[in-house]
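Below: the structure, in structure tokens.
Protein chains get the first letters and strands the later ones, always in sequence-line order, with residue 1 at the start of each. Excluded from the calculations below are hydrogen atoms, water molecules and symmetry mates; all remaining heavy atoms, backbone and side chain alike, are included.
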Protein chains: 2
Amino acid sequence: VRDQYHEDLDAITTSLVEITRLAGSAINRATQALLDADLTAAESVITGDEAIDELYAQTERDAFDLLARQQPVASDLRVVIASLRMVADVERMGDLALHIAKVARRRYPASAIPPELQSTVLEMGQVAQRICAKCSSVIAGRDVTMAAELERDDDVMDGLHRRLFSTLLDDSWTGGIETAIDVTLCGRYYERFCDHAVSVARRVIFLVTGELAQSSAESAL
Amino acid sequence: VRDQYHEDLDAITTSLVEITRLAGSAINRATQALLDADLTAAESVITGDEAIDELYAQTERDAFDLLARQQPVASDLRVVIASLRMVADVERMGDLALHIAKVARRRYPASAIPPELQSTVLEMGQVAQRICAKCSSVIAGRDVTMAAELERDDDVMDGLHRRLFSTLLDDSWTGGIETAIDVTLCGRYYERFCDHAVSVARRVIFLVTGELAQSSAESAL
């Protein structure tokens, strides 16, 4: 029984790593869809979200079954409970990539992002992808050093998010209301994507070190 | 032991009802702050979020302790796991009310919401408060009928959200980019507030009826 139990625990971590990989792939393609008005990329994110939802539901069921059958205690119980929370965070990251893809699809064949904001949004996409990849490594290897790096990447994201607003609010900006709405929403989606990754990383740090994470990963924009 | 166990289970539900009441009060005051440029109301939401965070952390700890000490199985295990998820949803509702209050504070002494949008935002605030109150009753009384009502209220919220964008995008609208950004963000916060309440209600329905909720409460705007 004991061996089966550890296999089940490991399987949950494996699922978590896999769903995080899927979310990273989704945000990558969503950024491409948004910047290049790439409808194929947008559609692939939109249809691909189902796989993320299924893996999420499966991981929830696995964690629940493990709790019900094996009744883990102490640190193992903590790992399973944290995993339930983490998989919900990552599922949400998939939803946020999906929202970005939908903005791209709505504006096709135009790009929702005007030329003067393309480089900032490109950077946001790159940071989001980097944060997601690090999040995967943090989960797989319980890598506390990389978890700290991820926090710094999130500060970069917050800076890019502020830059987005500065550009929109600059007197010289001549874009319209529709573009301002699209950019505001996409900026928010990228920021929340990274907040959820930070939240996952903090839960791993807590599991490893026992040090409490801050209650909210969200920046006070 | 069995009596203590049911007391502990009930205590978690009581905490859930209480944190939902706090979130309802927060969204009510946040709406007032936003529409009336009421700085006192804004500050009370901002400082009051700490109480929501504390109750959230306490409820998480209580649920964890119950799992560790009593090792519930079957439907009781399901209730505790669902409660962990629900309390996270409600904590997030508090954060969203906080964000609205921060928008109000940022624009003080002006109102972030221009006259032509005040009635729509007022309605959004009222619907959010109603949904939150029903959410409380759903948790306290496992009231499946009210859970269904809450879903319909959420459709009303989605309609109001669309109306907000229609107004912003109307050719006759003369507001500026800053207002469009504020309105876009606040609209999103209200919508997400209600999505989380719907998510909580669906979890309660699942606990009562065993019927699976949809995977995502979020409208495809």
Closest non-hydrogen atom pair between B:L169 and A:I177, with its separation: CD2-CG2, 4.1 Å

Okay, A:R69 and chain B: the region with an atom under 4.5 Å from a heavy atom over there is neither

Counting heavy-atom pairs under 4.5 Å with chain B, the top scorer among A:E60, A:R78, A:E178 is A:R78

Spacing of B:L67 atom CG and A:L67 atom CG [to the nearest 0.5 Å]: 7.0 Å

Proximity breakdown for A:A63 and chain B, heavy-atom pairs closer than 4.5 Å: neither

Quick one: are A:R192 and B:R188 in side-chain contact, heavy atoms under 4.5 Å? no

Report which part of A:L84 has an atom under 4.5 Å of a heavy atom belonging to chain B: side chain, backbone, both, or neither. side chain

More than 12 heavy atoms of other groups within 6.0 Å of A:E50 CD: no

Any chance you could measure B:L185, atom CG, to A:L185, atom CG, to the nearest 0.5 Å? 7.5 Å

Just so I know, are the side chains of A:V73 and B:Q71 near enough to count as touching, which here means a heavy-atom distance under 4.5 Å? yes

So what's closer than 4.5 Å to chain A heavy atoms on B:A57: side chain, backbone, both or neither? neither

Sort A:I81 into side chain, backbone, both or neither according to what part of it lies under 4.5 angstrom from a heavy atom of chain B. side chain

